[in-house]
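Any value given below was found using the heavy atoms of this structure, including those in side chains, with hydrogens, waters and symmetry copies removed. Quick caveat: nothing in here was measured; it's all calculated off a predicted structure.
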Amino acid sequence: VCIKLCNVRWRSADMPACALFDWPRWLACAAFPIGIQLHSYNDLREWHQLLVKIPLALNDGLFSVKVDLESINEQGEFLLTHSTASPQVPYNTSVELLQLLGEILETFSDLRVRTAVCFKQTEEMTPDPCDGSIASRRWLDAVDVFYDAAQALADQSNHRLEFVLDGYAKPEGCLRHRWEPWNATFIPGSEPSLAIFTDQYDLSRYSVLNPSSASIAAFRLLESVDFGKFQGGGYPLQLWETDEQERLLLFDHEFVSWRTDLSFSMHNVVNFDPVMWQVWTAEVTRAAWNYNVPVKGRAEDPVLLAVSARTWLVLYGAGEGTQYTTMTGNPNALPPQVQFMGRTAVRLLSATVFRSDVWGLSENLVRYELQHNKLEWKETIPLPDEIVNASKIRSSSLGLTVGATDGDVVRLYVVSVKTGRIEGRVAVSWFPGRLQKFDFLDIGGRFLVVASNGSHAFLSLNSGPWLMLGVGGNPALSIADGNDQMIALVMDGGYCFDSNSMHWGSGMKVCDAQPFGCREVLTYTVGSLAAWEQAAYEGLPLSPCGALVHGAYDFGLTPSVVVTGTTEGAVVVAVHESVEGGQDLCGCGAPRSRVAGGLVLDSFALGRRQGPLPNVGLGAVSLVFHAVIAAVVCVVAVVVLFRTRTRCCRRKNAEQ
């Protein structure tokens, strides 16, 4: 009865309440069932952002990454590329890899790093590295040099750095005892089949099960033998290398539903942005959001507001009016709960929160109060005649600022919340090209404006010159409270720097690509105010190698964003119009199929140490609560059974 009625969830792993008193098993449950390995991240300039993007809490504090070591240069160093090297590309080298790993270990004293090194067969080599040819001997010598330097670094790391062999360097033939103690990946169908079940016959170094995501039937065959020796072997299963959200979730749900050893986890091996992985796997990890917002009619131009720490308001156009949905929830936990769906009397072009009130912009300023999750109209304040073509409203510590456009000029007006009168004006002139959409932030009298001409986005700080950020449209900005003043920008029409095609190619390094806009690609750009000022000063376009954390997080249109600061970084929540999906969009991957014209609410976390995410599954207090409930149910069950038995015995005695 206890086991059936009192199941609780601990970080997405089902565990009977009775097991709460089995402490070794309970502690083992702390490992999340689904994590991530970053695949073929050969442009080392990306790594400083990866340490912010990867959800270390889901990986049990492990930074897991794979690089490809292909051609050998004149200095005997390996070039980091997945495919045949091009002489025109300045690839990173194996020496630079070890230098970077040393810097990471020195900077982050408690970080664990597992680096899979996938050695590629070069054109001049045969499939057998032990054939004694000149090319093979040169390759073996180069691997020996790399191994000596890498193992020396690992020895100095106090067990925080580990290397895993992959590709051409598997422990077979003359390599069986070479480069020990490095373990190796095991790909079913490519390595000796006996290694699934035994460490005998010199098969012990095959320690990392590395199946393909091509066939769910083959995956279930591995499940049928409990994943052989690999379950409980100390390494997560690594599933490679799908970029389809539905397929990813199919395997993740399959693994979580099967999992019996709660210390055994599975890492999704991905080439796309780790933030997109956070969003796409949200329904499994319960550490992010990727939620279909209930709407009435076809939604357009959504606006997301954070009315409080866990109260979210989504406003959207539908017909002549503005509909809204009020939700509550923690963006690092379970999906939000819808509290109310309503409609405003006038169509709102924009909205903001100021001193706990919701202010909308139509032809006038409209003030609402959120009472019992419902917007209650309080007053309407006319705008001065001077303000024309107004389309944005923002709050700051000084009050409300209204944004309007006049040809190629963005005009900002600071207005009184009592009278609507203009108290200050700012003009940002000469927009490069035909201005289509813009957004801005009023940071205590300093203004940050991002505008788009439909294909590219531009930044202006404090009425300064326009700086091209890169491809993108429909910009939306948000700033978090706190000393760092974290600023988030989301746009559609973006570009995927990280994808299967980019990582598998060799024609250029990732951050040297020339971005081209794709209508459905949603991008994020996050950094402190100081980082934004640095980017504006340096004039560098957005990329995953710059001062601002940048990448693609999902697919859709017209996003709106709210960012909140944390002690470990930032949490970004964004809503957007959904697209049909179900197919590869822009060579970036295939999001799950949705109904076009709906709304999707995403969230993700950024920060080198996100720690145990709050309210993921059940917290300690909730666990105690469920334990008490379990005990009560058990006591009640025993009492009922005892009383039933007593009545039966009395009835039998009376009959006798």
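With hydrogens and angles disregarded, no donor-acceptor distance shorter than 3.5 Å links the side chain of Ser215 to the backbone of Ser212. For His267 (side chain) and Leu239 (main-chain N/O), no donor-acceptor pair under 3.5 Å exists by modelled atom type. With hydrogens and angles ignored, the 3.5 Å screen pairs a side-chain donor or acceptor of Asn210 with a backbone N or O of Gln238. Checked by atom type and distance alone, the side chain of Glu70 never pairs as donor or acceptor with a backbone atom of Leu79 at under 3.5 Å. For Lys170 (side chain) and Thr185 (main-chain N/O), a donor-acceptor pair under 3.5 Å exists by modelled atom type. Not one N or O on the side chain of His39 forms a donor-acceptor pair closer than 3.5 Å with the backbone of Val67.
In this model, a donor atom of one side chain and an acceptor atom of the other lie less than 3.5 Å apart for Asn453 and Ser455. Side-chain atoms of Trp240 and Gln37 include no donor-acceptor pair closer than 3.5 Å. In this model, no donor atom of one side chain and acceptor atom of the other lie less than 3.5 Å apart for Tyr91 and Glu96. With hydrogens and angles left out, the side-chain atoms of Thr81 and Asn42 include no donor and acceptor closer than 3.5 Å.
A ring-centre distance under 6.0 Å is not found for Tyr235 and Phe230. Aromatic rings of Phe163 and Trp179 (six-membered ring for Trp) have centroids beyond the 6.0 Å cut-off, not under it.
For Glu538, the CD atom counts as densely surrounded, since its 6.0 Å shell holds more than 12 non-hydrogen atoms of other residues, nucleotides or ligands. Around CD of Glu106, the count of heavy atoms belonging to other residues, nucleotides or ligands within 6.0 Å does not exceed 12.
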Let me see the working for Phe604 and Trp289 under ring pair (Phe, Tyr, Trp, His ring centres under 6.0 Å), right down to the final yes or no. CA-CA 7 Å; Phe604 54 88; Trp289 283 348; over 10 Å; no
Ring pair (Phe, Tyr, Trp, His ring centres under 6.0 Å) between Trp47 and Phe63, worked out: CA-CA 10 Å; Trp47 281 35; Phe63 179 61; 5.7 Å; yes
Evaluate the salt bridge (charged side-chain N to carboxylate O under 4.0 Å, His left out) criterion for residues Asp166 and Lys120: first the C-alpha distance (whole Å), next the side-chain angles of each, then the deciding distance (0.1 Å), finally the verdict. CA-CA 9 Å; Asp166 198 355; Lys120 301 295 184 180; over 6 Å; no
Quick one, Phe227 with Trp258, criterion ring pair (Phe, Tyr, Trp, His ring centres under 6.0 Å). Give me CA distance, side-chain angles, the key distance, then yes/no. CA-CA 11 Å; Phe227 294 106; Trp258 166 88; 4.7 Å; yes
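Nearest heavy-atom pair across Phe555 and His576 is O-NE2, 3.2 Å. Nearest heavy-atom pair, Phe146 versus Ser94, reported as atom, atom and distance to 0.1 Å: CD1-CB, 3.7 Å.
Taken as a pair, Cys588 and Cys496 meet the criterion of an SG-SG distance shorter than 2.5 angstrom. In this model, Cys545 has its SG atom within less than 2.5 Å of the SG atom of Cys511.
Ion pair Asp110/Arg112 not flagged as a salt bridge, since none of the NZ, NE, NH1 or NH2 atoms sits closer than 4.0 Å to an Asp/Glu carboxylate oxygen. A salt bridge links Lys53 with Asp273: the closest approach of a Lys/Arg side-chain nitrogen to an acidic carboxylate oxygen falls below 4.0 angstrom. Arg592 and Glu283 are joined by a salt bridge, as a carboxylate oxygen and a charged side-chain nitrogen come within less than 4.0 angstrom of each other.
Applying the side chain to side chain donor-acceptor pair (under 3.5 Å) rule to Arg178 yields the partners Asp144; only residues at least two apart in sequence or on another chain are considered.
For residues 192-202, the pairs satisfying salt bridge (Lys or Arg N to Asp or Glu O under 4.0 Å) are Asp199-Lys229, with sequence neighbours left out.
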